[in-house]
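Data first, discussion second: the structure below is written as structure tokens.
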Amino acid sequence: MAYSEKVIDHYENPRNVGAMDKDDAHVGTGMVGAPACGDVMRLQIKVGENGVIEDAKFKTYGCGSAIASSSLLTEWVKGKTLDEASTIKNSQIAEELELPPVKVHCSVLAEDAIKAAINDYKSKNGDKAKSA
Amino acid sequence: MKTPIYFDYSATTPVDPRVAEEMCKCLTPEGIFGNPASRSHAFGWASEKLVDEARNNVAALINADPKEIVFTSGATESDNLAIKGAAHFYQKNGKHIITCKTEHKAVLDTCRHLEREGFEVTYLAPETNGLIDLEKLKAAVRPDTILVSIMHVNNEIGVIQDIAAIGEMCRDNKIIFHVDAAQSAGKVPIDMGALKVDLMSFSAHKIYGPKGIGALYVRRKPRIRLEAQMHGGGHERGMRSGTLATHQIVGMGEAFRLAKEEMAAENERVRMLRERLLNGLKDIEEVYINGDMEQRVPHNLNISFNFVEGESLMMALKDLAVSSGSACTSSSLEPSYVLRAIGRNDELAHSSIRFSLGRFTVEEEIDFAIDEIRKNIDKLRELSPLWEMFKEGIDINAIEWAAH
């Protein structure tokens, strides 16, 4: 299967690989996918007092497209508010990375990952997150 | 050293230059281009002579009578002709067939087709080393079993089935025994004088011959009958009509002749390379060898790297031409059905790589491959949340994952 140059770039030079302390109140963690299906994504965001995502980290077990989708997502969410980040759609990721139809599920997983990370942060911070 | 390096000899091999040279002599006006079936002139006679020689060479590699060799378009056609041909001819004796879950799709899909025609098929599960337990095979035999089809060497994991013992059991029970030998001819000694095998499928392009040509061995004593699947001019004793492709057949014959001459020395050389590759990889944490290492062809290594996904590994190993699962199924996203059948979980099946070495593999390429693999396994594991969890002592199987 031929990969787009953007997928290869993110795959060979993945941005923001790493882990944050998942018990930190400022950190939201989303882990989606399943090993048996061949992809697991873990996306973490660090949210500032003003409700803006200051940093994002990921680790992904999966194909090149899954790694690229999560790498791209970490770049996109940095500097966005939680509300802005939650509007990112999988179709935008698929379009940016020129994913073929059989790889669209990787972008769906990335969208699920950011939603899960935001939900995790909100559930940890309750009303404070809502007012931010 | 040229990259990418070819480590996919079980998918196909390049044509040996010595083979190509012989083939080229059978194409142009100056060459031997006649129709081997033309009995009325010298052009036909010359082609027929070359076809006879090639048939002798194919038969010689497996110690068979040349009259037992039927040329086909490849092992897929041979499997179809053997299984459908025998099932149709002998269906008055029963409609039950036994095969194995790890067979090639050419056998499995043919059996599925026969099921739709009203045959009953038992798909045996192999043991976790990939080998068939003869007792389980015996237990699957019924009074109406007419055919057993078991491959000699598995295309993905390279394990060698005990076709001698299976053949004895089949002969005792008066069951026809077909063997798909696409992956074993020229790699494992085959003696049709001793083996109780009735039908055997061969391919040329797995042993440095051209694509598009293969053969089916059809035993004469005791005589095995087949219903033809291709009708026409009655070529190949009525079993496979169609003008004989002289240049393809000559290529197959030369490839089989070279295999007979060079097999023993080549196997030892390739085995050393395979051991070198294995030794360079086996101390990596969480690697699993798929398939038995003793009953195995010397050129195959199938290995799973836990917590690394196979497709991303292949993408990382862009300088190595390897496969994940078999070439026939690697366009799908399903993990290898062969690895699933030997009990590997989905994660390990997803993380598998098949290396198949061959005639033109050299030591330098093996060393390069070891370096590339070690470097990239480290890199991908740094990226893998599963690896991090494993290192933290979290049991990944205890987590309730949401399948998608």
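So you know, we letter chains A, B, ... as the sequences are listed, proteins then strands, and number each from 1.
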Counting only heavy atoms not in B/Glu392, do more than 12 sit closer than 6.0 Å to its CD atom?
yes

For B/Pro385 versus A/Tyr61, what's the shortest heavy-atom pair and its separation?
CD-N, 3.3 Å

Please check if atom CD in A/Glu95 has more than 12 non-hydrogen atoms from other residues, nucleotides or ligands closer than 6.0 Å.
no

For B/Ile396, which atoms come within 4.5 Å of any heavy atom of chain A: side chain, backbone, both, or neither?
side chain

At what distance, to the nearest 0.5 angstrom, does SG of A/Cys63 lie from NE2 of B/His350?
10.0 Å

From CD (B/Glu311) to CD1 (A/Ile67), nearest 0.5 Å
10.0 Å

What part of A/Tyr11 gets closer than 4.5 Å to chain B, counting heavy atoms only: side chain, backbone, both or neither?
both

Among the options A/Met41, A/Lys59, A/Arg42, pick out the one with the most heavy-atom pairs lying under 4.5 Å from chain B.
A/Lys59

Could you check whether any side-chain heavy atom of B/Met315 comes within less than 4.5 Å of a side-chain heavy atom of A/Ile8, counting everything from C-beta outward?
yes

Count the heavy atoms of every other residue, nucleotide or ligand shown that sit under 6.0 Å from NZ of A/Lys22, and state whether that count exceeds 12.
no

Under a 4.5 Å heavy-atom cut-off, does chain A meet the side chain of B/Ala349, its backbone, both or neither?
neither

Can you check whether B/Leu383 reaches A/Phe58 side chain to side chain, under 4.5 Å on heavy atoms?
yes

Is atom NZ of A/Lys124 surrounded by more than 12 heavy atoms (other residues, nucleotides or ligands) closer than 6.0 Å?
yes

Contact class of A/Pro35 relative to chain B, heavy atoms under 4.5 angstrom:
both

Could you measure the distance from the OG1 atom of A/Thr60 to the CG atom of B/Leu386? Nearest 0.5 Å is fine.
10.0 Å

